[in-house]
Student: 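Pasting in a structure now, in structure tokens, and then I'll have a few things to ask.
Order of listing sets the numbers, starting from 1, for every ligand and every atom in it. The model shown is predicted, which means the values in this text are computed figures rather than measured ones.
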Amino acid sequence: MENLRQDLEMLYKLQSYDTKVDNLKKQIQQTLVKIEEKKQDLQDKCADVESQKKSFVELSSVKKEKEALLNFKEELISKHSQEINTVKSNEIYKALLLELEKAKVDKSKFEDEILELMDTIDKGALIVKSLDKNYQNFETKIKSDIIEMEALIENLKKEIVSVEIFRKEQESKVSKSIFLQYERLREGREGIGLALIDGESCGACGMMLRPQLINQAQKGQELVFCDNCSRILFKK
Ligand SMILES: [Zn+2]
């Protein structure tokens, strides 16, 4: 009787180490998820900045197209200006004059548009610069957050190693057969194989216990299990 009670006492302590290790592992998992989220944030931000920059890059190619059109009009104007001096027919002269006028109007329109584009591109360059700066700051912050979280994980791992040393030592104090049952019960029960009796209920699942079970557990002559969750019951 005394042996079983002692075993369960030792097992109870062992479980506190197991719970500690489980919690530390959970913290590591949560931190890893956070790191992934941070990396994703950075990727999203990068994509966002790139797409904003893209619209300004596109403006430059629009400007180039306009310049090519302007060039074409200027050539046309110079060609017509020469032709108009050599024309003999009045009708052709009139037609050329009309075309020349039209080309001049177009040329002036393109010049205005190009000036406007240049202005927008200048403003865009400032925006791009601030976007880049903003992204750099964001990246620095994210990277330092990640380094901090990685350091935290390292510390948690070290803590696990030291708790596991105590746990191993505690394991040697528990009878092998009870330990093995406990290990089996831990699986699928959130790592809890041993339940303290809390008043009249199972301290793990909360189910009301039969008085007979509580009695048996109190006597400590045999292992008693919760009818509902099957965990080993222990009355302190
Ligand atoms: Zn239970």
Student: Do any protein N, O or S atoms sit under 2.8 Å from the Zn ion (ligand 1), and which ones are they?
Tutor: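 Listed by chain and number: C202 SG, C205 SG, C226 SG, C229 SG.
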Student: Please determine whether side chain to side chain donor-acceptor pair (under 3.5 Å) holds for the pair Q40 and D44, giving the CA-CA distance in whole Å, both sets of side-chain angles, and the decisive distance to 0.1 Å.
Tutor: CA-CA 6 Å; Q40 191 57 50; D44 291 348; 3.0 Å; yes
Student: Excluding sequence neighbours, so at least two apart, what forms side chain to side chain contact (heavy atoms under 4.5 Å, CB included) with D112?
Tutor: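 Side chain to side chain contact (heavy atoms under 4.5 Å, CB included) check on D112 returns S108.
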Student: Return yes when atom CD of E116 has more than 12 non-hydrogen atoms of other residues, nucleotides or ligands closer than 6.0 Å, and no otherwise.
Tutor: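 12 or below, so no.
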Student: Test of understanding: with salt bridge (Lys or Arg N to Asp or Glu O under 4.0 Å), list the residues that count as partners of K157, not counting sequence neighbours.
Tutor: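 Applying salt bridge (Lys or Arg N to Asp or Glu O under 4.0 Å) to K157 gives E154.
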Student: Checking one residue: L76. Which other hydrophobic residues are in its cluster under the side-chain 4.5 Å linking rule?
Tutor: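 Joined to L76, directly or through intermediates: none.
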Student: Taking R189's backbone N and O only, do any of them form a donor-acceptor pair with R231's side chain (distance below 3.5 Å, no angle check)?
Tutor: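 The answer is yes, because a donor-acceptor pair under 3.5 Å joins these two groups.
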